[in-house]
Protein chains: 2
Amino acid sequence: MFKRVSNVANSPTDKICETKCSDPHSGAAGQVVPLAMGKAQKMGEFFNVLSDPTRLRLISLLAEEEFCVCDLAIQLEMTDSAISHQLRALRAARLVSYRKLGRQVFYRLHDQHVVDLYRTVHEHLEE
Amino acid sequence: MFKRVSNVANSPTDKICETKCSDPHSGAAGQVVPLAMGKAQKMGEFFNVLSDPTRLRLISLLAEEEFCVCDLAIQLEMTDSAISHQLRALRAARLVSYRKLGRQVFYRLHDQHVVDLYRTVHEHLEE
DNA sequence: CGAATACATGAACATATCTTCAGGTATTTG
DNA sequence: CAAATACCTGAAGATATGTTCATGTATTCG
């Protein structure tokens, strides 16, 4: 009993609060397993892309229509470079697509799913 | 024409790419306004809380049932302190509620909305 | 072709973030 | 009451992040 099962990271002095899940390996009833590390990492990275104000403002514009980098920079009153860096992050997360037209690059949201998520949270915070 | 309207932050040498939004103040047709700075900040903070793997794993557990701090620490194989710090962040964001029972504190998700958002994104990343 | 424009990129710097460590409070138990 | 337990908190250190600056590439135009 009270085995901590190689709980390496825990405090030096093992404590005893076995409310309902003392030994995860005892095939008890309420088997609740946390999200796996890898998936938690991926999911965190996804939310992290949405955690920057500049990127959210870009998304708010692209939710309306397509824009080239320069216009985005003008509307947000930031340098082309800063915008380009952030668009790079949005591209890496596959949240935006783009098409080249001459020397301009027009960005748009990759799919409706992003817009839905954005609007859902936007409304949720309007309280 | 070509007024940049106090575009202080932009590059030193003003450039000229007036695709469709040169002067936001000219009451033109496609009036697209970015998300306000303040709201973008708030929204970013919200997503930021969900951008940490540990907090997401906590949410994944609390989506199933109520847990005390110690049990959460055991399941995630982390120190009570680390968990407590993260629960503090989740509390500040009003994502979790808690009730004290003796010397234990049981946490639960504040409302179903969080669970919905978590599950939506979770499924979205399962591709 | 050469200059200007539109965009991308790497390095650097300042700032933010997360875990650990060392304590501190409150409740329970012997 | 004293010790142990459950949890909280501030400071510190390592790491991650975002903007700026300087530069590079590609396209257009004179």
Side-chain angles (χ1 to χ4, degrees), chain A residues 2 4 8-20 22 37 40-41 44-45 47-58 67-74 76-93 96 98-107, chain B residues 2 4 8-20 22 37 40-41 44-45 47-58 67-74 76-93 96 98-107:
Chain A
F2 298 123
R4 199 48 45 78
V8 186
N10 228 327
S11 335
T13 50
D14 268 88
K15 297 178 184 174
I16 309 165
C17 163
E18 311 297 338
T19 310
K20 58 181 76 165
S22 59
M37 295 273 281
Q41 186 73 36
E45 284 165 14
F47 280 120
N48 191 40
V49 177
L50 298 174
S51 73
D52 179 73
T54 298
R55 288 195 288 267
L56 287 171
R57 300 183 80 207
L58 286 172
F67 280 108
C68 66
V69 179
C70 184
D71 279 351
L72 291 169
I74 291 175
L76 298 194
E77 298 188 9
M78 294 176 66
T79 62
D80 297 357
S81 180
I83 297 301
S84 190
H85 275 295
Q86 299 298 20
L87 285 172
R88 180 184 171 82
L90 291 174
R91 257 181 313 170
V96 299
Y98 61 93
R99 67 189 176 95
K100 297 189 178 185
L101 211 66
R103 53 188 162 186
Q104 298 184 24
V105 179
F106 290 89
Y107 282 84
Chain B
F2 299 124
R4 199 48 45 76
V8 186
N10 228 328
S11 338
T13 51
D14 267 271
K15 297 178 182 173
I16 309 165
C17 162
E18 312 297 337
T19 311
K20 58 182 75 165
S22 59
M37 294 273 281
Q41 186 73 37
E45 284 166 13
F47 279 120
N48 190 41
V49 176
L50 297 174
S51 73
D52 180 73
T54 299
R55 288 195 287 268
L56 287 171
R57 299 183 81 208
L58 286 172
F67 280 108
C68 65
V69 178
C70 184
D71 279 351
L72 291 169
I74 291 174
L76 298 194
E77 299 188 8
M78 295 176 66
T79 62
D80 297 356
S81 180
I83 298 301
S84 191
H85 275 296
Q86 301 297 23
L87 285 172
R88 180 183 170 82
L90 291 174
R91 257 181 313 172
V96 299
Y98 60 94
R99 66 187 176 96
K100 296 190 178 185
L101 211 66
R103 54 189 163 186
Q104 298 185 27
V105 179
F106 289 89
Y107 282 84

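Chain letters run A, B, ... following the sequence lines, proteins first, then strands; residues in each count from 1. Just so it is clear, the values below take in all heavy atoms, side chains as well, and ignore hydrogens, waters and symmetry mates.
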Please tell me if S84(A) has a side-chain N or O lying less than 4.0 Å from either OP1 or OP2 of dC7(C). no
Just verifying a value: how many Å separate M78(A) CE and H85(A) NE2, rounded to the nearest 0.5 Å? 10.5 Å
Separation of dC7(C) C1' from I83(A) CD1 (nearest whole Å): 12 Å
S81(A) vs dC21(D): side-chain N/O to OP1/OP2 distance below 4.0 Å: no
Using the closest heavy atom to pick a nucleotide of DNA chain D for each, name whichever of R103(A) or A89(A) lands nearer the 5' end. A89(A)
Can you measure from CZ (F106(B)) to CZ (F67(B)) and round to the nearest 0.5 angstrom? 10.0 Å
Choose from dC18(C), dT17(C), dC7(D) the nucleotide whose nearest atom is closest to any side-chain atom of C68(B). dC7(D)
Gap between atoms CG and P, on L90(A) and dA8(C) respectively (whole Å): 12 Å
Without swapping roles, check the side chain of S51(A) against the backbone of N48(A) for a donor-acceptor pair under 3.5 Å. yes
Roughly, in whole Å, what's the span from CG in L72(A) to P in dC7(C)? 9 Å
Please report, rounded to the nearest Å, how far the P atom of dC18(C) is from the CD atom of Q41(A). 12 Å
Between Q86(B) and dT19(C), does any side-chain N or O lie under 4.0 Å from OP1 or OP2? yes
Per the atom types in the model, does the base of dT17(D) pair as donor or acceptor with the side chain of H85(A) at under 3.5 Å? no
Roughly how many Å is it from CD in Q104(B) to P in dA4(D), rounded to a whole number? 19 Å
For atom CG of L76(A) and atom P of dT20(D), their distance in whole Å: 12 Å
For the side chain of N48(A), starting at C-beta, report the closest nucleotide among dC18(C), dT17(D), dT19(C). dT17(D)
Between C1' on dT5(C) and NZ on K100(A), what's the gap in Å once rounded to a whole number? 15 Å
Does dT9(C) have OP1 or OP2 sitting under 4.0 Å from an N or O in the side chain of R91(A)? yes
Between R88(B) and dC8(D), is there a contact of a side-chain N or O with OP1 or OP2 at under 4.0 Å? no
Straight-line distance of D52(A) CG to Q41(B) CD, nearest 0.5 Å: 9.0 Å
Just to be sure I understand the rule, does Y98(A) reach a base, reach only the sugar-phosphate, or reach nothing, if contact means heavy atoms closer than 4.0 Å? nothing
I74(A) pairs by side chain to side chain contact (heavy atoms under 4.5 Å, CB included) with which of D71(A), L72(A), L76(A)? D71(A)
Euclidean distance, atom CZ of residue R57(B) to atom C1' of dT19(C) [Å, nearest integer]: 15 Å
